[in-house]
Amino acid sequence: MPELPEVETVRAGLAEVVAGAKVTKIKVHDARSLKRHPASSGDFVDTLTGRTIQAAVRRGKFLWLPLNRKKNEPQLALIGHLGMSGQMLLRTPGFTEDALTRVTIYLKASDGSKYELRFVDQRIFGSLAIDLMEPTADGFPGGYSGEDHSGESWVNMIPNQVAHISRDPLDPVFSVDEVLRLFKKKQSGIKRVLLDQGVLSGIGNIYADESLWLAKIHYDQPAASISKPKAKELLEHVRVVLANACEAGGTSFDEQYKNINGESGYFSISLNAYGLTGLPCKRCGRAIKRENWMNRGSHFCPSCQRLRR
DNA sequence: ATGGACACCTGTGGGC
DNA sequence: TGCCCACAGGTGTCCA
């Protein structure tokens with residue numbers, strides 16, 4: 001599943017084409033892919049058809065496309081979450097069908113060219129929805145939208161369904177000190193805290209394991225027990241890992257993650273822990289271990305990443 | 001607050 | 001070949 005770098009790769013790819021594009025038609029092939037939409041799929045289609053998309057914005061793993069605003073109507077956005085296996089493919093009309101396409105949104109770009117935005121999702125944990133936007137609590141932009149959109153009405157707003165998600169480490173408004181304060185209040189294991197999107201967002205299983213390996217911290221180390229300098233170092237590793245993965249176009253090792261053109265990212269070649277069970281740790285040579293944890297897997301070096309008192 | 005289990009789903013790969 | 005199990009980049013909710 002896509003974590004921040006994969007979602008950012010999708011956002012950046014979409015932004016070039018969808019800004020200023022008009023939705024001409026929608027086909028919902030599987031209504032389960034609209035589970036986040038509070039009303040019927042018919043309502044989804046009716047509300048979205050004929051709208052003009054303003055931009056592509058992301059916070060953590062959530063993506064949204066602000067829509068043009070009609071008179072006497074609140075600001076709306078098409079929001080998307082990729083879940084474990086969601087993809088957004090931007091195809092030209094007539095391009096070979098993509099298996100497991102759940103929703104197709106037909107677009108006419110500002111230059112007149114036509115596209116099909118295909119929401120593909122094997123496991124259907126992802127979803128699209130139309131959501132109301134509200135002003136951000138801190139008055140700053142709701143998320144990252146690439147170029148400078150300051151002055152546009154949707155900039156300092158955030159969709160209702162994303163309002164509980166904290167800022168991610170690549171957000172200019174992200175506060176290291178605030179997150180360190182929250183760490184000090186958490187007795188939970190650090191990995192659980194890193195994955196808590198209400199503390200900081202964008203991190204999933206891959207980048208949590210990678211950041212903890214770089215910082216030489218055991219996944220179950222209580223967050224509050226980590227010294228401030230060490231926690232700060234961890235957050236810096238998180239930032240660098242996420243930034244490098246964005247640079248590489250995300251991590252991909254199977255068919256489940258693709259950019260908008262259906263191509264894979266390259267970050268998997270720089271992984272140090274995730275999915276490397278049994279292989280020698282690149283620092284000490286001891287075999288990387290995988291343990292069952294929270295109904296998933298945790299990968300770490302049992303020698304470099306020890307649980308401390 | 002916090003940890004755990006589970007629900008939501010489909011598909012693939014390994015072992016027998 | 002088929003069958004069964006483990007496993008997969010997430011989120012949300014309910015219960016002790």
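The figures here come from the full heavy-atom set of this structure, side chains too, leaving out hydrogens, waters and symmetry mates. Fair warning: this is a prediction, and the values are worked out from it, not measured in the lab. Order of the sequence lines sets the chain letters (A, B, ...), proteins ahead of strands, with each chain counted from 1.
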- Its contact letters, B for base, S for sugar-phosphate only and - for none at protein heavy atoms under 4.0 Å, make nucleotides 11-16 of chain C read SS----
- Per atom distances to the A:R192 side chain, the nearest of B:dC6, B:dT2, B:dG3 is B:dG3
- Query: Would you write out the dot-bracket form of DNA chain B, 5' to 3', with Watson-Crick and G-U pairs under 3.5 Å, [ ] for crossing pairs, | for pairs to other strands and . for unpaired bases?
  - Reply: .|||||||.|||||||
Can you give me the N/O atom pairs linking the protein to nucleotides 14-16 of chain B at distances under 3.5 Å, or say none if there are none?
none

- Item | Pairs involving residues 174-184 of chain A, ordered by first then second residue, that meet salt bridge (Lys or Arg N to Asp or Glu O under 4.0 Å) (sequence neighbours left out) | A:E178-A:R181
- Message: Nearest to the side chain of A:L100, heavy atoms from C-beta on, is which of B:dT10, B:dG3, C:dC7?
- Response: B:dT10
- Query: Among B:dG3, C:dC7, B:dG11, which is the nearest nucleotide to the side chain of A:S188?
  - Reply: B:dG3
- Query: Taking atom P in both C:dT13 and B:dC9, what distance in whole Å separates the two?
  - Reply: 15 Å
- Salt bridge A:E291-A:K289, side-chain N to carboxylate O under 4.0 Å: yes
- Query: Where each residue is assigned the nucleotide of DNA chain B containing its nearest heavy atom, which of A:N295 and A:G189 is assigned the position nearer the 5′ end?
  - Reply: A:G189
- Query: In terms of side-chain geometry, is the basic nitrogen of A:D131 or A:R36 positioned less than 4.0 Å from the acidic oxygen of its partner?
  - Reply: no
- Hey, does the side chain of A:R32 come within less than 4.0 Å of B:dT10's phosphate (OP1/OP2), counting only N and O? yes
- Item | Between P of B:dG3 and CD1 of A:I190, the distance in whole Å | 12 Å
- Task: Using modelled atom types only, decide if a donor and an acceptor are shared between the side chain of A:S188 and the backbone of A:V193 within a distance under 3.5 Å.
- Result: no
- Contacting residues from residues 117-127 of chain A, given that a heavy atom lies under 4.0 angstrom of DNA chain C: A:R123, A:F125
- Row check, A:W213 ring normal vs A:R283 NZ/CZ: under 6.0 Å, within 45°: yes
- SB check A:R102 A:D121 (cutoff 4.0 Å): no
- Would you classify A:Y207 as touching base, sugar-phosphate or nothing, given that sugar-phosphate means primed atoms plus P, OP1 and OP2, and contacts are heavy atoms under 4.0 Å? nothing
- Query: Listed by chain and number, what are the side-chain hydrogen bond (donor to acceptor under 3.5 Å, both in side chains) partners of A:N261, not counting sequence neighbours?
  - Reply: none
